[in-house]
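This report concerns only the one structure given below.
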Amino acid sequence: MFEPDAEAMPAETLAALQQDRLRRLVDLLLAVPGGLQAARLRDAGVTSGAGLTLADLPRLPFTTKRDLWDGYPFGLLAVPREEVVAVHGSSGTGGRPTLVAYTRDDLRLWSRMCARALAAAGATPASIVHNAYGYGLFTGGLGIHQGAIELGATVVPVSGGMTARQVTLITDLKPDILTCTPSYALRLGEALTEAGHPSTSLRAGIFGAEPWTDALRARIQDLLGLRALDIYGLSEIIGPGVAAECVEAADGLHVNEDHFLVEAVDPLTGTPVPDGTPGELVFTTLTKQALPLLRYRTGDIAALRRAPCPCGRTLVKMSKITGRKDDMLVIRGVNVYPSEVERVLLAEPALAPDYLLVLDERDPAQLRLLACVERVTNGAAGLPSVTDIESSLQSRLRETLGLSVAVALLPPGSIPRTEVGKAVRVRRWSGGEPPLAGLA
Ligand code: DLL
């Protein structure tokens with residue numbers, strides 16, 4: 001563990017620390033001149049942090065992405081602009097940029113959170129970290145970069161794309177840790193195999209920034225011969241390093257709840273759901289300075305679980321993200337998350353792990369979901385026929401989702417690979433050319 005005193009803190013000590021930090025946060029927010037969160041706190045009858053307990057959390061006001069957009073670029077700052085040393089952001093699901101700010105101490109905190117994630121994956125100061133998350137406004141590249149340096153490891157700041165060069169660097173520098181999106185891990189695995197280097201020095205991969213299932217985890221582990229671990233975060237809260245899996249259990253992500261208080265709430269009503277029940281994750285930043293956020297609604301759906309972990313960390317675990325509130329597709333009255341389709345598709349060994357879901361909206365009265373997938377190889381001996389695979393997938397999708405999904409089995413290489421940025425798994429087709437060649 002990078003910070004064992006914090007990561008393995010007894011539950012009561014942690015709760016006392018969180019309560020103390022929550023009180024300070026509320027006082028800090030109330031003191032921001034003209035602050036939006038201060039006004040909301042007063043409206044909720046909170047005029048001081050003193051006396052608040054963790055049990056009061058559900059009656060404190062939420063913040064949302066809209067608040068960040070409305071306050072763009074610096075409206076929610078809790079420090080003078082001069083104290084901000086960096087900004088980051090994301091293009092966001094709605095296409096509008098979400099901009100976030102960091103003080104020097106915020107950057108130090110972020111580095112420690114990413115160092116925790118790297119150490120949880122088994123990285124040490126002797127490690128070489130091949131960092132293929134994008135560098136720039138996106139938090140992935142620079143976040144992991146600073147975390148690797150904080151740990152004392154050697155970071156290779158390769159960023160995303162230029163895959164041939166990445167293959168050379170992996171074979172020459174022999175990194176033990178790979179950090180990138182899960183979709184880019186697939187692309188790298190494919191490129192390494194094509195270049196004749198299927199086995200590498202890589203021992204663990206820390207993959208996040210987009211949803212991925214355990215079925216995809218199994219595929220990546222097979223392809224790259226490493227342990228594939230999940231890392232979660234969002235710009236608004238700090239970036240990567242809000243939560244990460246440990247290599248010992250690899251069955252959920254430890255949330256760094258000494259700095260980011262987490263709740264799961266009903267996405268519709270906003271009321272807390274019990275542990276073990278999937279809900280929308282809500283985070284409160286307990287120690288951030290430039291952009292402290294109270295009860296930020298992420299839109300990400302996951303379940304929380306408190307149980308002893310073989311790694312010794314006492315931090316609560318969140319399940320893998322099962323979907324985003326706004327990624328849910330509603331087709332003929334049935335709610336479907338892309339990840340549910342992914343799980344069924346990738347369980348079929350005759351299929352490559354790349355896929356695209358096409359929502360055919362050409363006739364709005366007859367919405368159709370089309371799962372486009374690739375066969376592993378062209379007509380290899382021993383594999384079931386195209387029609388057999390299509391019909392068995394269709395029946396499994398119907399059984400699992402309660403919805404009929406059309407399946408298009410395409411030749412290898414048909415689905416565009418993601419080289420830079422986050423994978424796009426769903427495309428809408430409302431008219432004109434199909435979003436993928438070969439679709440009728
Ligand atoms: O994606 C931060 C990050 C970088 C996380 C690198 C992990 C690794 P944003 O660009 O602001 O920040 O996007 C945040 O991405 O609300 C989730 O919907 C999604 N997301 C992030 N990590 C995961 C994950 C970064 N492990 C949004 N699983 C979040 C599923 C994820 N979704």
Side-chain angles (χ1 to χ4, degrees), residues 3-32 35-64 67 78 106 109 112-113 116 232-234 236-238 241-244 252-267 269-289 291-309 313-319:
E3 295 183 311
D5 290 350
E7 294 172 72
M9 200 179 272
E12 314 75 62
T13 322
L14 177 63
L17 179 75
Q18 289 173 320
Q19 177 174 292
D20 182 50
R21 288 180 170 173
L22 178 66
R23 291 175 177 180
R24 282 172 207 236
L25 168 72
V26 167
D27 284 336
L28 184 149
L29 291 173
L30 284 167
V32 176
L36 169 90
Q37 299 187 77
R40 286 206 189 137
L41 279 165
R42 288 196 191 95
D43 286 349
V46 181
T47 51
S48 158
L52 281 180
T53 70
L54 295 177
D56 291 317
L57 208 53
R59 70 179 182 89
L60 301 184
F62 288 120
T63 44
T64 63
D67 297 328
D106 290 336
L109 169 68
R112 281 163 43 216
M113 297 302 104
R116 283 188 189 181
Y232 169 83
L234 59 167
E236 299 90 310
I237 299 306
I238 204 154
V242 173
L253 301 84
H254 290 287
V255 180
N256 287 316
E257 56 177 336
D258 49 334
H259 295 283
F260 313 113
L261 198 55
V262 62
E263 303 165 79
V265 304
D266 182 312
T269 63
T271 43
V273 299
D275 283 355
T277 307
E280 178 182 355
L281 296 180
V282 172
F283 287 98
T284 295
T285 65
L286 291 174
T287 52
K288 256 177 50 176
Q289 296 176 339
L291 189 67
L293 289 176
L294 190 61
R295 304 195 78 209
Y296 183 76
R297 294 189 70 152
T298 63
D300 294 322
I301 309 293
L304 299 176
R305 181 158 48 93
R306 281 161 226 277
C309 182
R313 285 179 185 78
T314 49
L315 301 168
V316 64
K317 275 189 196 175
M318 56 178 257
S319 66

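No experiment lies behind these values; they were computed from the predicted model shown.
- Note on D27 versus R23: no salt bridge recorded, every NZ/NE/NH1/NH2 to OD/OE distance being 4.0 Å or above.
- Closest non-hydrogen pair, P267 versus R297, comes out as O-NH2, 3.0 Å.
- Between L41 and P61, some side-chain heavy-atom pair lies under the 4.5 Å cut-off.
- Among residues two or more places apart in sequence or in another chain, the side chain to side chain donor-acceptor pair (under 3.5 Å) test is passed with R112 by E3.
- We find the CG-CD distance between D258 and E7 to be 8.0 Å, quoted to the nearest 0.5 Å.
- Heavy-atom minimum distance, T287 versus H259: OG1-ND1, 2.8 Å.
- Proximity of L22 to L294: side-chain heavy atoms (C-beta onward) are separated by under 4.5 Å at one or more points.
- From L17, atom CG reaches atom CG of L286 across 8.0 Å, with rounding to the nearest 0.5 Å.
- One finds a salt bridge joining R59 and D56 here, because a Lys/Arg side-chain nitrogen approaches an Asp/Glu carboxylate oxygen to under 4.0 Å.
- Side-chain atoms of K288 never come within 3.5 Å of backbone atoms of D106 as a donor-acceptor pair (strictly under, hydrogens ignored).
- A donor-acceptor pair under 3.5 Å links the side-chain atoms of T314 to the main chain of M9, judged by distance alone.
- Counting all heavy atoms, side chain and backbone alike, V255 lies closest to L315 at O-CB, 3.3 Å.
- Among residues two or more places apart in sequence or in another chain, the salt bridge (Lys or Arg N to Asp or Glu O under 4.0 Å) test is passed with R40 by D67.
- Between the side chain of T285 and the backbone N or O of P292 there is no donor-acceptor pair closer than 3.5 Å.
- When all heavy atoms are compared, the tightest approach of V242 to L234 is CG2-N, 4.2 Å.
- The two residues V265 and R295 have their closest heavy-atom pair at CG1-NH2, 4.3 Å.
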